Amino acid sequence: MKKLIKKIIILGAKKAFQKGLLKADIFPNMNIEQPRHDAHGDLSTNFAMISAGVQKMPPRKIAEIVISCINDSNGIIKKIEIAGPGFINFFLKDQAWYPFLKKIHDQNKNFGSLDYGKGEKVLIEFVSANPTGPLHVGHGRGAVVGDTVGNILAFAGFDVQKEYYINDSGQQIKTLGISVWIRFLQSLGHDIELPKDCYQGNYINDIALELNKKMGVELAKLITKNKAEVEKDKKDGILICAKYAAEKILKNIKHDLTCFGVKFNNWFSEQSMYDSGLVMETIEKFKKKNIIYEKDKAWWFKTKNLGDEKDRVVIKKNSLTTYFASDIAYHLEKFTRGFDRVIDVWGADHHGYIKRINACLDASGIKTNKFDVILIQLVNLLRDGEPVAMSTRAGEFVTLKNIIDEVGSDAARFIFLSRSFDSSLDFDLKVAKQKTNENPVYYVQYVHARIAGIMAKALSCGINSDVYSDSNLDVSSLKELEEIKLIKILTMFPEIIKKSAETLNPHVIFTYLMTLASAFHGYYNKHKVITEDKDLTLARLCLVFAVKKVIGNSLFLFGVSAPDSM
RNA sequence: GCGCUUGUAGCUCAGCUGGAUAGAGCAACGGACUUCUAAUCCGUAGGUCACAGGUUCGAAUCCUGUCAAGCGUACCA
């Protein structure tokens with residue numbers, strides 16, 4: 001609709017120029033928007049105001065001229081007004097909106113999908129939690145945002161791959177091994193303390209006990225008399241524990257994510273880049289280019305003159321690589337795999353890393369605008385307004401699995417999307433379980449269920465949905481204000497998808513869903529769909545079925561179910 | 001110190017690539033079920049958009065500065 005109005009204005013302006021009424025045939029990029037107030041029409045443009053400069057005329061005068069030259073060949077315009085400083089307000093006939101219902105029914109599950117992405121290959125990496133412990137709330141938010149952004153981009157015409165980066169290498173895995181090893185020794189009755197820098201959670205105990213049961217005898221053979229040796233990472237026992245624990249925990253992570261409806265196309269192992277030599281190859285390449293240099297017996301990446309505050313170490317004095325080293329290799333590898341765009345989802349506390357990743361892309365000749373980071377702010381886990389005690393040190397925390405089991409996947413996902421990712425989020429377990437207005441998921445799902453109820457009743461009256469979703473149906477009996485308003489909101493859906501894809505922010509769709517749901521509930525309370533009037537009934541069924549489809553398409557992107565009854 | 005993010009109703013937040021009278025929900029108060037699901041709706045009330053300047057026809061939105069909160073600024077991962 002906006003496109004159509006834009007075209008009408010441009011044609012009008014061109015005609016005005018040909019007639020000599022306008023001085024220039026330069027037409028700046030105008031905005032067409034739906035005004036907040038009904039008194040300002042259905043659609044409004046600032047065309048006259050932004051043209052004041054090039055036309056060297058007052059905005060209201062330009063508006064007058066353009067309007068006089070406008071040709072409404074489709075017969076959709078009821079009235080045009082000039083308002084305020086020079087807005088041109090369009091009041092449209094009801095019939096202008098009707099074709100969109102047909103479009104929604106025809107396109108069905110594809111309504112809202114775009115070719116905006118033009119098949120560009122996008123890799124979105126998210127969660128990527130270390131396999132050293134269970135997922136918690138923060139991971140949950142990242143998981144849902146990443147998964148949903150991926151869905152939205154795919155819907156908007158990108159070729160999307162979702163990936164999980166497994167940090168299965170380095171210090172934290174060794175620490176994991178030591179933690180399990182010591183718990184194992186404790187389970188055999190050895191008098192030994194678990195060091196403070198080890199993982200304290202109960203799940204470590206569980207793994208140790210499991211190991212004891214499965215291969216306790218073989219493991220026990222690896223114990224040496226010297227307790228001081230315990231923490232040396234070369235110990236076979238520790239290596240076995242590390243490998244077993246990491247695999248076990250990763251398996252649980254995968255399971256939890258599956259329960260949460262989060263699917264990945266690929267699981268990428270950090271260790272695999274060491275095994276294949278890719279990390280060292282990458283470092284050598286940069287050494288040759290003098291971008292990695294030696295200082296103080298360590299090797300540094302020149303990130304400072306590429307926007308970072310200082311250079312960063314990639315190989316430490318002790319000749320071990322840093323996390324950054326494999327990260328460089330990984331991010332470059334993403335591009336060599338052929339992706340046009342790379343998106344990472346990180347916790348906001350990692351924001352300092354953006355500059356250094358950008359620096360290494362820059363040094364490799366990759367445009368940094370091909371790389372986006374979605375920074376997710378904190379989640380505060382509450383129960384009835386009170387913070388839930390979360391002590392990682394003591395190993396006491398509510399896991400993501402606990403939350404899903406308690407409140408359900410739908411409620412959890414929807415709440416994670418209920419705030420823009422750049423503001424912190426209060427996740428209240430009590431509210432998430434409540435079936436009230438405070439809990440937005442039911443508000444939206446209820447729309448879907450209510451419409452399903454109406455359609456079921458229609459069917460029992462012998463009215464099949466084929467009848468009212470038919471392209472040739474006459475919907476001209478839709479005259480109520482609420483009905484036209486609903487169609488207007490429905491027509492916005494593709495723009496909402498575009499905006500969401502542009503900003504990589506699902507929250508745009510969340511806000512839209514709330515608006516649509518609110519408009520529907522208002523309509524539902526005021527007007528009956530199924531009435532004695534056959535034509536009106538069919539037209540209204542056509543309308544609410546279209547609402548149901550748009551709600552369904554949105555919830556599908558969110559990974560939230562759209563129930564037919566509640 | 002420097003950098004990033006945030007500051008909007010009593011509370012939780014939208015609105016931010018400049019537009020007309022700044023919007024929801026919760027909490028408060030008053031109403032609506034003989035009906036297609038009341039997990040809903042309607043109404044009332046609630047504001048120095050942190051503060052001060054600047055840019056212009058026009059600023060919650062852009063720029064600068066100040067204040068406040070969170071985070072970051074490792075040869076940690």
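To find a chain, count down the sequence lines: A is the first, B the second, and so on, and within it residues start at 1. Only heavy atoms go into these numbers, but all of them, side chains included; no hydrogens, no water, no symmetry mates. It should be emphasised that the depicted structure is a prediction, and the values quoted were computed from it without experimental measurement.
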Item to check | Sugar-phosphate only, base, or nothing, as touched by A:Gly453 at under 4.0 Å among non-hydrogen atoms | outcome: sugar-phosphate
Next on the checklist: Applying a 4.0 Å non-hydrogen cut-off, can you work out what A:Asp296 is touching in the nucleic acid: base, sugar-phosphate, or nothing?
Outcome noted: base
Checklist outcome for this item: Residues pairing under side chain to side chain donor-acceptor pair (under 3.5 Å) where one sits in residues 55-66 of chain A, two or more places apart or in two chains, turn out to be none
Checklist entry - Do A:Asn358 and A:Thr368 meet the criterion of a side-chain donor-acceptor pair at a distance under 3.5 Å? => result no
Item to check | Length of the line joining A:Ile315:CD1 and B:C76:P, which is rounded to integer Å | outcome: 13 Å
Checklist entry - How far, in whole Å, is B:A45 from B:U40 if one measures between their C1' atoms? => result 22 Å
Checklist entry - Using a cut-off of 4.0 Å on non-hydrogen atoms, how would the nucleic acid contact of A:His448 be classed: base, sugar-phosphate, or nothing? => result nothing
Item to check | Set of residues satisfying salt bridge (Lys or Arg N to Asp or Glu O under 4.0 Å) with respect to A:Arg413, sequence neighbours excluded | outcome: A:Asp147
Checklist entry - When all nucleic acid strands are considered with a 4.0 Å heavy-atom cut-off, which category describes A:Asn167: base, sugar-phosphate, or nothing? => result nothing
Could you list the protein-to-nucleotides 18-27 of chain B atom pairs, N/O on both sides, closer than 3.5 Å?
from: B:A20; atom 1: OP2; to: A:Arg36; atom 2: NH2; distance (Å): 2.4
from: B:A20; atom 1: N6; to: A:Ser44; atom 2: OG; distance (Å): 2.5
from: B:A20; atom 1: N6; to: A:Asn89; atom 2: OD1; distance (Å): 2.9
from: B:A20; atom 1: N1; to: A:Asn89; atom 2: OD1; distance (Å): 3.3
from: B:A20; atom 1: N1; to: A:Asn89; atom 2: ND2; distance (Å): 3.0
from: B:U21; atom 1: O2'; to: A:His37; atom 2: NE2; distance (Å): 3.2
from: B:C26; atom 1: OP1; to: A:Asn437; atom 2: ND2; distance (Å): 3.3

Item to check | Annotated protein contacts, base or backbone, on nucleotides 2-13 of chain B with a non-hydrogen cut-off under 4.0 Å, one of B, S, - each | outcome: -BBS------SS
Item to check | Integer angstrom distance from the C1' of B:C67 to that of B:A74 | outcome: 31 Å
Next on the checklist: Using a 4.0 Å heavy-atom cut-off, does A:Lys457 contact any base of the nucleic acid, only the sugar-phosphate backbone, or nothing at all?
Outcome noted: sugar-phosphate
Checklist entry - Within the structure shown, what part of the strands sits under 4.0 Å from A:Trp299 by heavy-atom distance: base, sugar-phosphate, or nothing? => result nothing
Next on the checklist: Distance check needed: B:C75 C1' versus A:Lys297 NZ, whole Å only.
Outcome noted: 13 Å
Next on the checklist: If you apply the rule ring-ring contact (aromatic ring centres under 6.0 Å, His included), what do you find for A:Phe371 with A:His331, and how did you get there?
Outcome noted: CA-CA 9 Å; A:Phe371 175 63; A:His331 281 87; 5.4 Å; yes
Checklist entry - Taking only residues two or more places apart in sequence, or in another chain, which ones meet A:Phe27 in a ring pair (Phe, Tyr, Trp, His ring centres under 6.0 Å)? => result none
Next on the checklist: Restricting to side chain to side chain donor-acceptor pair (under 3.5 Å), what partner residues turn up for A:Asp426, sequence neighbours left out?
Outcome noted: A:Asn380
Checklist entry - Given the C1' atoms of B:U34 and B:A38, what is the spacing between them in whole Å? => result 15 Å
Item to check | In B:C33, glycosidic geometry as syn within 90° of 0 or anti otherwise | outcome: syn
Checklist entry - 5'-most contact on RNA chain B: A:His527 or A:Gln172, nearest heavy atom basis? => result A:His527
Item to check | Side-chain N or O of A:Arg450 closer than 4.0 Å to phosphate OP1/OP2 of B:A38 | outcome: yes
Next on the checklist: Please give the distance between the P atoms of B:A60 and B:U8 as a whole number of Å.
Outcome noted: 15 Å
Checklist entry - Which pairs with one or both residues in residues 496-509 of chain A pass side chain to side chain donor-acceptor pair (under 3.5 Å), sequence neighbours excluded? => result A:Ser420-A:Asn505
Checklist outcome for this item: Against the side chain of A:Lys528, the closest entry in B:C36, B:C75, B:G72 is B:C36
Checklist entry - Which residues satisfy the side chain to side chain donor-acceptor pair (under 3.5 Å) test with A:Asp372, sequence neighbours excluded? => result A:Arg341
Next on the checklist: Roughly how many Å apart are B:U55 and B:A28, using the P atom of each and rounding to a whole number?
Outcome noted: 47 Å
Item to check | P spacing across the pair B:G18 / B:C76, given as an integer number of angstrom | outcome: 45 Å
Checklist outcome for this item: Side-chain atoms of A:Tyr442 come closest, of B:U35, B:A39, B:C41, to B:A39
Checklist outcome for this item: By nearest-heavy-atom nucleotide on RNA chain B, the more 5' of A:Tyr323 and A:Arg312 is A:Arg312
Checklist entry - Who are the ring pair (Phe, Tyr, Trp, His ring centres under 6.0 Å) partners of A:Phe90, not counting sequence neighbours? => result none
Checklist outcome for this item: A:Asn439 CG to B:A38 P, in whole Å, measures 19 Å
Checklist entry - Which residues pass the side chain to side chain donor-acceptor pair (under 3.5 Å) test with A:His527, sequence neighbours left out? => result A:Glu482
Checklist outcome for this item: Dot-bracket for RNA chain B, 5' to 3', Watson-Crick and G-U pairs with both distances under 3.5 Å, [ ] for crossing pairs, | for partner on another strand, reads (((((((..((((.....[...)))).(((((.......))))).....(((((..]....))))))))))))....
Item to check | Distance, C1' atom - from B:G46 to B:C26, rounded to whole angstrom | outcome: 13 Å
Checklist entry - What integer number of Å spans the C1' atoms of B:C16 and B:U6? => result 13 Å
Item to check | Integer-rounded Å distance: B:G72 C1' and A:His350 NE2 | outcome: 11 Å
Item to check | A:Glu502 CD to B:C16 P, straight-line distance once rounded to whole Å | outcome: 12 Å
Checklist entry - Can you check the A:Asp349 CG to B:A74 C1' distance for me, whole Å? => result 15 Å
Item to check | Gap between atoms CG and C1', on A:Asp308 and B:G72 respectively (whole Å) | outcome: 12 Å
Next on the checklist: Under a 3.5 Å threshold, yes or no: a donor from one side chain and an acceptor from the other, between A:Asp410 and A:Gln445?
Outcome noted: yes
Checklist entry - Which part of the nucleic acid, if any, lies within contact of A:Phe510, taking any heavy atom under 4.0 Å across all strands shown: a base, the sugar-phosphate backbone alone, or nothing? => result nothing
Checklist entry - How is A:Lys310 classified with respect to the nucleic acid when contacts are heavy atoms under 4.0 Å: base, sugar-phosphate, or nothing? => result sugar-phosphate
Next on the checklist: Using 30° and 60° as the class boundaries, would you call the ring planes of A:Phe301 and A:Phe324 parallel, tilted or perpendicular?
Outcome noted: perpendicular
Checklist outcome for this item: Atom NZ of A:Lys56 and atom C1' of B:C57 are separated, to the nearest Å, by 16 Å
Next on the checklist: Here's one to test your reading of the geometry: is the NZ or CZ of A:Arg450 within 45 degrees of the ring axis of A:Phe520 and under 6.0 Å from its centre?
Outcome noted: no
Checklist entry - How would you list, by chain and number, every residue that makes a side chain to side chain donor-acceptor pair (under 3.5 Å) with A:Lys334, sequence neighbours excluded? => result A:Glu125, A:Asp344
